[in-house]
J.: 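My questions will all concern the structure given below.
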Amino acid sequence: MDAQSSLLRSQYTICKPSIHNSIVPSYLSTTLVASSRTRCSFAFSSLATKTKLKFRACVKELQNEPVTEDDMKSKIRRKSLAVFVSGGGSNFKSLHEAAVNGFVHGDINVLVTNKPDCGGAAYARDNDIPVILFPKSKDGSGLSPIDLVNELRSYNVDFILLAGFLKLIPAELVQAFPRSILNIHPSLLPAFGGKGFYGTKVHKAVISSGARFSGPTIHYVDEEYDRGRILAQRIVPVLPNDTAEELAGRVLHEEHKLYREVVAALCEERIMWREDGVPLIQSRENPELYM
Ligand SMILES: Nc1nc2c(c(=O)[nH]1)N[C@@H](CN(C=O)c1ccc(C(=O)N[C@@H](CCC(=O)O)C(=O)O)cc1)CN2
Ligand SMILES: NCC(=O)N[C@@H]1O[C@H](COP(=O)([O-])[O-])[C@@H](O)[C@H]1O
């Protein structure tokens with residue numbers, strides 16, 4: 001092993017190779033994660049072109065050349081996303097636009113809904129995104145939980161994003177996609193969450209409580225309503241003469257921005273889990289900062 005590779009090994013925590021058959025020298029055919037300021041983390045893919053891109057990006061980093069966003073994204077696999085809606089789907093549309101314009105390093109490959117005539121489903125059909133009915137409706141149409149898991153697997157779904165979906169996600173789905181299902185809720189959880197707290201009902205309860213602030217929460221989904229690990233929140237003021245509709249509009253505006261930022265971090269693998277189980281988002285600009 002030459003001096004450079006031994007230096008590399010001394011500075012970095014060597015992890016298990018994520019993918020074999022790389023075309024680069026053996027001492028680089030592993031995942032190296034910098035322990036110091038310059039982070040040079042790369043996992044080589046089995047595709048020569050991607051490996052060259054990743055290797056080039058890492059060498060640029062080691063040579064202290066600026067690494068562009070494209071360099072970063074060329075090292076990370078583009079993610080496959082499923083969105084679940086029950087209503088108008090403004091968060092879904094916002095996320096789809098972010099995926100199309102490149103802000104989110106992923107593709108929304110399937111929409112799931114319990115309301116096939118809702119606005120979100122119409123938008124999906126207009127944009128050639130397959131629509132799946134879940135759960136089963138009274139006439140027997142729609143998928144069972146196991147069939148839905150299998151269907152999502154057929155789209156290679158990495159993450160499930162709930163966006164105004166009003167049915168309980170069953171344990172089969174939660175267990176099939178661990179730490180991979182997010183929900184956006186229009187209050188500062190744990191306040192004003194749980195069964196019965198959805199849509200305008202949430203905002204009416206916030207106003208009635210006299211709370212001075214509200215805002216969206218994005219959290220991981222577990223078997224209960226709104227009890228999963230909180231990942232991100234934003235606050236908005238509750239004004240003295242607010243109607244539920246006015247507060248809803250103020251919160252929804254923040255929801256769109258927050259969900260785009262969180263899903264971008266998710267797809268760029270910038271979610272870190274603290275030892276006590278709290279998930280944190282690593283800043284895109286400065287990897288030393290978390291939020
Ligand atoms: N397993 C989970 N499933 C879902 C979660 C979750 O956290 N874990 N979040 C909800 C979204 N949500 C709040 O963010 C929510 C949606 C609906 C309800 C509710 O009370 N629904 C009614 C039925 C409403 C209807 O059919 O029109 C009910 O269950 O009686 C509470 C919270 C999505 N799923
Ligand atoms: N408890 C779940 C819940 O109330 N979700 C809320 O439904 C709305 C969906 O709007 P959209 O369909 O326009 O994205 C959003 O405000 C979301 O926070």
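Counting starts at 1 for both ligands and their atoms, in listed order.
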J.: Cation-pi check, Arg153 to Phe177: give yes when NZ or CZ is under 6.0 Å from the six-membered ring centre and within 45° of the ring axis, no otherwise.
T.: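 Yes, a cation-pi geometry.
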
J.: Taking only heavy atoms of Leu252 into account, list the atoms of ligand 2 that are under 4.0 Å away from them.
T.: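 Every atom of ligand 2 under 4.0 Å from some heavy atom of Leu252: 16 (O).
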
J.: Should the proximity of Phe92 to ligand 2, defined as any heavy atom under 4.0 Å, be assigned to the side chain, the backbone, both, or neither?
T.: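 Under 4.0 Å from ligand 2, Phe92 contributes no heavy atoms.
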
J.: Protein N/O near ligand 1 N/O, under 3.5 Å, which pairs?
T.:
| from | atom 1 | to | atom 2 | distance (Å) |
| --- | --- | --- | --- | --- |
| ligand 1 | 1 (N) | Ile169 | O | 3.1 |
| ligand 1 | 1 (N) | Asp222 | O | 2.7 |
| ligand 1 | 3 (N) | Ile169 | N | 2.9 |
| ligand 1 | 7 (O) | Glu224 | O | 3.3 |
| ligand 1 | 7 (O) | Asp226 | N | 2.7 |
| ligand 1 | 8 (N) | Asp222 | O | 3.2 |
| ligand 1 | 8 (N) | Glu224 | O | 2.7 |
| ligand 1 | 14 (O) | Asn183 | ND2 | 2.7 |
| ligand 1 | 14 (O) | His185 | ND1 | 3.0 |
| ligand 1 | 14 (O) | Asp226 | OD1 | 3.0 |
| ligand 1 | 20 (O) | Gly196 | N | 2.6 |
| ligand 1 | 21 (N) | Leu166 | O | 3.3 |
| ligand 1 | 21 (N) | Tyr225 | OH | 3.4 |
| ligand 1 | 26 (O) | Lys167 | NZ | 2.7 |
| ligand 1 | 29 (O) | Lys195 | NZ | 3.2 |
| ligand 1 | 29 (O) | Tyr225 | OH | 2.7 |
| ligand 1 | 30 (O) | Lys195 | NZ | 2.8 |
| ligand 1 | 34 (N) | Lys167 | O | 2.8 |

J.: Honestly curious: do Leu148 and Val83 fall in one hydrophobic cluster under the side-chain, below-4.5 Å linking rule?
T.: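 No, because Leu148 and Val83 fall into different hydrophobic clusters, even though each may have its own neighbours under 4.5 Å.
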
J.: Ile184 heavy atoms, cut-off 4.0 Å: which ligand 2 atoms fall inside?
T.: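 So the answer, numbered in order with elements, is 5 (N), 18 (O).
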
J.: Can you confirm whether more than 12 heavy atoms, excluding those of Lys115, are under 6.0 Å from its NZ atom?
T.: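 Open.
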
J.: When the ring planes of Trp273 and Tyr220 are compared, do they come out parallel, tilted or perpendicular, using 30° and 60° as the limits?
T.: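 Answer is tilted, since the angle falls between 30° and 60°.
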
J.: Considering the heavy atoms of Gly88, write down every atom of ligand 2 situated less than 4.0 Å from one of them.
T.: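 Answer for ligand 2: 12 (O).
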
J.: With rounding to the nearest 0.5 Å, note down the distance linking CZ in Arg234 to CD1 in Ile218.
T.: 8.5 Å

J.: Looking just at side-chain N and O atoms, do Ser283 and Asn286 make a donor-acceptor pair shorter than 3.5 Å?
T.: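 Distance-only check fails for Ser283 and Asn286.
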
J.: Applying side chain to side chain contact (heavy atoms under 4.5 Å, CB included) between Leu247 and each of Leu239, Leu252, Asp242, Thr200, report the one that passes.
T.: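 Only one of Leu239, Leu252, Asp242, Thr200 forms a side chain to side chain contact (heavy atoms under 4.5 Å, CB included) with Leu247, namely Asp242.
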
J.: Applying salt bridge (Lys or Arg N to Asp or Glu O under 4.0 Å) as the test, list every pair that has at least one member in residues 78-104; sequence neighbours left out.
T.: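 Sorted pair list: Arg78-Asp107, Lys79-Glu269.
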
J.: I need the atoms of ligand 2 closer than 4.0 Å to a non-hydrogen atom of Ser90, numbered in the order shown.
T.: 11 (P), 12 (O), 13 (O), 14 (O)

J.: Taking atom 12 (O) of ligand 2 as the point of reference, which of Ser86, Gly89, Gly87 owns the nearest heavy atom?
T.: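 The residue whose heavy atom sits nearest atom 12 (O) of ligand 2 is Gly89.
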
J.: Closest non-hydrogen protein atom to atom 3 (C) of ligand 2, residue and atom name please, with distance?
T.: Pro186 CD, 3.7 Å

J.: Taking only heavy atoms of Phe197 into account, list the atoms of ligand 2 that are under 4.0 Å away from them.
T.: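 Listed by number with element, the hits are 1 (N).
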
J.: Should you measure from each heavy atom of Gly199, which atoms of ligand 2 turn up under 4.0 Å away?
T.: 3 (C), 4 (O)

J.: If the cut-off is 4.0 Å to any non-hydrogen atom of His185, which atoms of ligand 2 fall inside it?
T.: 1 (N), 18 (O)

J.: Ignoring hydrogens and geometry beyond distance, is a side-chain donor-acceptor pair present between Ser214 and His203 at under 3.5 Å?
T.: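 No pair is found: no donor N or O on one side chain lies under 3.5 Å from an acceptor on the other.
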
J.: How long is the straight-line distance from CD of Glu172 back to CD of Glu223, given to the nearest 0.5 Å?
T.: 9.5 Å

J.: Going by the atom numbers of ligand 2, which of them fall below 4.0 Å from some non-hydrogen atom of Tyr198?
T.: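 Listed by number with element, the hits are 1 (N), 4 (O).
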
J.: Which one of Ser94, Gly164, Ser187 has a non-hydrogen atom at the shortest distance from atom 8 (C) of ligand 2?
T.: Gly164

J.: List the closest protein heavy-atom neighbour of atom 18 (O) of ligand 2: residue, atom name, distance to the nearest 0.1 Å.
T.: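 Ranked first by proximity to atom 18 (O) of ligand 2 is Glu255 OE1, 2.9 Å.
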
J.: To the nearest 0.5 Å, what is the distance between CG (Leu258) and CD (Gln233)?
T.: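 Separation between the atoms: 9.0 Å.
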
J.: Are Ile76 and Leu81 connected in the hydrophobic side-chain network, where two residues link if heavy atoms are under 4.5 Å apart?
T.: no

